[in-house]
A.B. asks: 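What follows is a single structure, and I will ask about it in a moment.
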Amino acid sequence: EAGVTQFPSHSVIEKGQTVTLRCDPISGHDNLYWYRRVMGKEIKFLLHFVKESKQDESGMPNNRFLAERTGGTYSTLKVQPAELEDSGVYFCASSRSGQGLGYTFGSGTRLTVV
Amino acid sequence: GNSVTQMEGPVTLSEEAFLTINCTYTATGYPSLFWYVQYPGEGLQLLLKATKADDKGSNKGFEATYRKETTSFHLEKGSVQVSDSAVYFCALIKTGGGADGLTFGKGTHLIIQP
């Protein structure tokens, strides 16, 4: 089966601009997660979708971040306006409901805000 | 809250050397423990996991034992290869309710020299 796909793989934007990251989970995976790794720090949980509903968004840093999963398929994570501290690698993961801890991660999007 | 502490790298070893990457955790309840690996240019891959005390996870020659008394999950391999060069992340997830995202350590960059 195809893996979790994220794009773009890299994005360089100026402070104040808007960027939208996309994640395509494995087909049939109801659970979709976003994580972020700021350079030199831990990978931090951002939020969790079950189908199109936000199950847990306790990790979203502030209201400049907006995640959507219309139709319960792919998800987007928009940062508007971007700040320097938003730079990092954004990972997406998906899993099938009822399969416990079977997450599959994407390769990540490296975001650089200059 | 939950946290994971792992030795920070880079850790540089010669091929065929013995590897230990330390990981300790703080968590309420009974978490499940994981080691993830990220090879250059790729996404996070699950290396091994353990879901209860004294369980040993193993894969590709790597092992880690869930030690509840010392709250540790150290990663070991008897003889490393150049192809093991990657970033290794220790992680946990709390089972039985609450926020369901993974909590990661900062990652350990492992470099194996021929």
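Letters A, B, ... are given to chains in the order of the sequence lines, protein chains preceding strands, and every chain is numbered from 1. The shown structure was predicted, so the numbers you read here are calculated from the model rather than taken from an experiment.
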A.B. asks: For A/F45 versus B/L102, what's the shortest heavy-atom pair and its separation?
C.D. replies: CB-O, 4.0 Å
A.B. asks: Nearest heavy-atom pair of B/G41 and A/S107: which atoms, and what distance?
C.D. replies: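 In terms of heavy atoms, the two residues are closest at O-OG, 4.3 Å.
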A.B. asks: Are the side chains of A/F91 and B/L44 in contact, using a 4.5 Å heavy-atom criterion?
C.D. replies: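 Yes, side chains in contact.
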A.B. asks: If you measure from NZ on B/K106 to CD1 on A/I43, what distance do you get to the nearest 0.5 Å?
C.D. replies: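 Here the rounded value is 13.0 Å.
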A.B. asks: Taking everything shown except A/R22 itself, do over 12 heavy atoms lie less than 6.0 Å from its CZ?
C.D. replies: yes
A.B. asks: Name the region of A/R37, side chain, backbone, both or neither, that has any atom closer than 4.5 Å to a heavy atom of chain B.
C.D. replies: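 Contact with chain B is through the side chain of A/R37 alone.
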A.B. asks: Can A/V4 be reached from A/Y74 by stepping across I, L, V, M, F, W or Y side chains whose heavy atoms are under 4.5 Å apart?
C.D. replies: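 A/Y74 does not cluster with A/V4.
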A.B. asks: Please round to the nearest 0.5 Å and tell me the distance separating atom OG1 of B/T103 and atom NZ of A/K44.
C.D. replies: 7.5 Å
A.B. asks: Evaluate whether atom NZ of B/K68 has more than 12 neighbouring non-hydrogen atoms of other residues, nucleotides or ligands under 6.0 angstrom away.
C.D. replies: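 Yes, NZ of B/K68 has more than 12 neighbouring heavy atoms, counting only those of other groups under 6.0 Å.
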A.B. asks: With a 4.5 angstrom heavy-atom cut-off, which part of B/Q38 approaches chain A: side chain, backbone, both or neither?
C.D. replies: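 Interface part for B/Q38: side chain.
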A.B. asks: Just checking B/E16: does its CD atom have more than 12 heavy atoms from other residues, nucleotides or ligands closer to it than 6.0 angstrom?
C.D. replies: no
A.B. asks: Check whether more than 12 heavy atoms from other residues, nucleotides or ligands sit under 6.0 Å from atom NZ of A/K54, and answer yes or no.
C.D. replies: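 Atom NZ in A/K54 is packed in, count exceeds 12.
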A.B. asks: Grouping I, L, V, M, F, W and Y whenever their side-chain heavy atoms are under 4.5 Å apart, do B/L46 and B/L92 come out in a common cluster?
C.D. replies: no
A.B. asks: Between B/Y36 and A/F105 (judged by ring centroids, cut-off 6.0 Å), do the two rings come close enough to count as a pair?
C.D. replies: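 Yes, the ring of B/Y36 comes within the 6.0 Å limit of the ring of A/F105, centre to centre.
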